[in-house]
Amino acid sequence: MASLREALLCWFAENARPLPWRESYDPYQVWLSEIMLQQTQMERAVGYFQRFVARFPDMASLAAASEEEVLKLWEGLGYYSRAKNLLACARRVVAAHGGALPHDPKTLQALPGIGPYTAGAVASIAFARDVTAVDANVERVFARLFDLDMPVREARTRAFILETAAALVPRGKAREWNQALMELGALVCLPKRPRCSECPLSGQCEAYRLDLVFERPVPAKAVDYIPMDVASGLLVREGRVFIQKRPETGVWAGLWEFPGGTVESGETPEQAVVREFREETDLDVAITAKLAVVRHGYTRYRVALHCFALRDLNDAAEPALHAAQEGRFATLAELSGLAFPAGHRKLIDQLVGQNRGGLLLDPMR
DNA sequence: TAGTCGTGGCG
DNA sequence: TCGCCAAGACT
């Protein structure tokens, strides 16, 4: 055990990537990075982190922010409840903890958006507490190191991993140790292409000894992906387009969108967008142009997004809000300041990039 | 406990 | 092109 710890800590000292929050281990920055890194790879999170810290350098400035601005900064990073909880957590920390994150994992875990992993990560990395932080990297490393022959998500396996992790934390070095385990998983002990020849632990790895590295961890049952056609419409009035703000819960909570919805079986995208517009806004619309088909995915869905330009069929009435908490007409330029789901953002960027915005929205045409 | 909740990259 | 993935939390 001693040599295992020594080997990994030594490797981390040599191979730790230089990351912004590793310069100071400022608790606010560590917490922010950990929230961003939930289900997100390092390279994607770093840019978002830097923009966040530049705009909100500390807990107090973040707590004073509007949800609209936080969502805009989070746009494209996904899992938007993290942004909502980030803001709620900052406000709670200011209101109940004097603006400073608590050091204790249990107290941390009571805060919005902080679960078992993040509580352990912040307590150890920001506050040097001797606690574990077990994420998917650590599970994979342990599954190989100890040749665990059952899926890591299984309750008994998780219990074993948590127990083992707790026993391994070197006193006073949890900050380095927890990061070292995750860094090893991210750089060396890779899911599909493990680099065992570069691994400081290969000599002590049971799966490596048994030539079972590629069989570990035992895969969970595969998710089935669901292809889906969605139709969305840009209703244009006097150079502005109708947008609505999605409900507080569910997918893309609090983000703006163009009305639309699933293309039902036996229905064309054209029929779907007209039907959805009527259902969501009570407006009767007609299609003036097909703008694009944007392909994107979310969770287990793979979406073909059919996008149309629309005009009012009858007299222009105020849109109802049956599927939104807010609605308005906005210029194409205004859309750049609001947060949209990635698929809608792709469409907006396409329209602006092709300079079709003017063609589409110019009231003179 | 099992489902929900995003996204972009990669082979 | 497309299936599969990659630093969890919440209900």
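Lettering follows sequence order; numbering is per chain, from 1.
With respect to Leu87(A), the side-chain contact (heavy atoms from CB on, under 4.5 Å) criterion is satisfied by exactly one of Arg92(A), Glu69(A), Glu67(A): Glu67(A).
Between chain A and DNA chain B, the heavy-atom contact criterion of under 4.0 Å yields a 5' to 3' nucleotide range of dT4(B) to dG11(B).
Comparing Thr40(A) and Ala155(A) by the nucleotide of DNA chain B whose heavy atom lies nearest to each, the residue mapping closer to the 5' end is Ala155(A). Residues Gly113(A) and Arg295(A) both approach DNA chain C. Their nearest nucleotides, taken by heavy-atom distance, put Arg295(A) toward the 5′ side. Comparing Leu19(A) and Gln109(A), the nucleotide of DNA chain C nearest to each residue sits closer to the 5' end for Leu19(A). Each of Lys346(A) and Arg193(A) was matched to the nucleotide of DNA chain B holding its nearest heavy atom; the match closer to the 5' end belongs to Lys346(A).
Remark: His103(A) pairs with Phe127(A), Arg129(A) by the side-chain contact (heavy atoms from CB on, under 4.5 Å) rule, at least two apart or across chains. With sequence neighbours left out, Tyr117(A) forms a ring-ring contact (aromatic ring centres under 6.0 Å, His included) with no residue at all. When the side-chain contact (heavy atoms from CB on, under 4.5 Å) test is applied to Cys196(A), the partners found at least two apart in sequence or on another chain are Pro194(A), Tyr208(A), Val213(A).
Using a 4.0 Å heavy-atom distance criterion, Ser81(A) is classed as making no nucleic acid contact. Ser33(A) comes within 4.0 angstrom of nothing in the nucleic acid, heavy atoms only. Among the heavy atoms of the strands lying under 4.0 Å from Arg17(A) is at least one base atom, whether or not backbone atoms are also near. As judged by a 4.0 angstrom heavy-atom cut-off over every strand, Arg345(A) is placed among residues making no nucleic acid contact.
In this structure, Ile114(A) atom CD1 and dC10(C) atom P are separated by 9 Å, rounded to whole Å. The OH-P distance, from Tyr117(A) to dC10(C), rounds to 14 Å in whole Å. Note: CZ (Arg302(A)) to C1' (dG3(C)) measures 8 Å, nearest angstrom. The CG-C1' distance, from Leu162(A) to dG8(C), rounds to 13 Å in whole Å. For the pair Leu37(A) CG and dG8(C) P, the interatomic distance rounds to 9 Å; values are reported in whole Å. Spacing between atom CD of Gln38(A) and atom C1' of dC5(C) amounts to 18 Å, rounded to whole angstrom units. Between the CG atom of Leu190(A) and the C1' atom of dC4(C) there is a distance of 15 Å, rounded to whole Å. Whole-Å rounding puts the Gln41(A) CD to dC5(C) P distance at 12 Å.
Trp177(A) has its ring centre no less than 6.0 Å from the ring centre of Phe12(A). Note: Phe52(A) and Phe49(A) fail the aromatic proximity criterion, with ring centroids not under 6.0 Å apart.
Nucleotides dC5(C) and dG6(B), compared at atom C1', are 13 Å apart to the nearest Å.
Dashed line: the shortest gap from a side-chain N or O of Gln39(A) to OP1 or OP2 of dG8(C) is under 4.0 Å.
Applying a 4.0 Å cut-off to non-hydrogen atoms, none of the residues of residues 174-186 of chain A approaches DNA chain B.
Grouped by direct or indirect side-chain proximity (heavy atoms under 4.5 Å, Ile/Leu/Val/Met/Phe/Trp/Tyr only), Leu210(A) sits with Leu212(A).
Within a 6.0 Å radius of CD in Glu154(A), other residues, nucleotides and ligands contribute more than 12 heavy atoms. For Arg195(A), the CZ atom is loosely surrounded, since the number of other residues' heavy atoms within 6.0 Å does not exceed 12.
A distance of 10.0 Å separates CG of Leu234(A) from CD1 of Ile243(A), quoted to the nearest 0.5 Å.
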